[in-house]
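What follows is a short report on a single structure.
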Amino acid sequence: MKVSIHQALKRLPATATEKYPQGAPFVTMMAGGTGQIVINGQRSDCAAGDAFFVAAGVEHRFENFSDAFVTWVVFYGQQGGE
């Protein structure tokens, strides 16, 4: 499934809930798919909803993933460290 940032933003805020009466500040855009992530030689199964931290400069890759597998990558760090 392909989803653009524009399409995702149009779905925010999500449906109102008791906790978020003005609409939830998040929405699930993609779900499904499985695979494995290898971080610094250590292999872990991964599926929808999983999150992994990979430090800068550490070797990592995805392997054995299904056709429905999608990943989002988020980079962060100190200001100026781009």
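It should be emphasised that the depicted structure is a prediction, and the values quoted were computed from it without experimental measurement.
Counting heavy atoms of neighbouring residues, nucleotides and ligands inside a 6.0 Å radius, atom CD of E63 exceeds 12 of them.
No side-chain heavy atom of T17 sits under 4.5 Å from any side-chain heavy atom of Q22. Counting heavy atoms from C-beta outward, Y20 and P25 have side chains that approach closer than 4.5 Å.
By the ring-ring contact (aromatic ring centres under 6.0 Å, His included) test, F65 pairs with F69, sequence neighbours left out. In this structure D45 satisfies the side-chain hydrogen bond (donor to acceptor under 3.5 Å, both in side chains) test together with Q36, sequence neighbours excluded.
In the hydrophobic clustering of ILVMFWY residues, with side-chain heavy atoms under 4.5 Å counting as a link, V58 and V38 come out apart.
Between the side chain of S66 and the backbone N or O of T34 there is at least one donor-acceptor pair closer than 3.5 Å.
Of all heavy-atom pairs between P21 and A16, the closest is O-CB, 3.4 Å.
Atom CZ in R43 sits 11.0 Å away from atom CD1 in I37 (nearest 0.5 Å).
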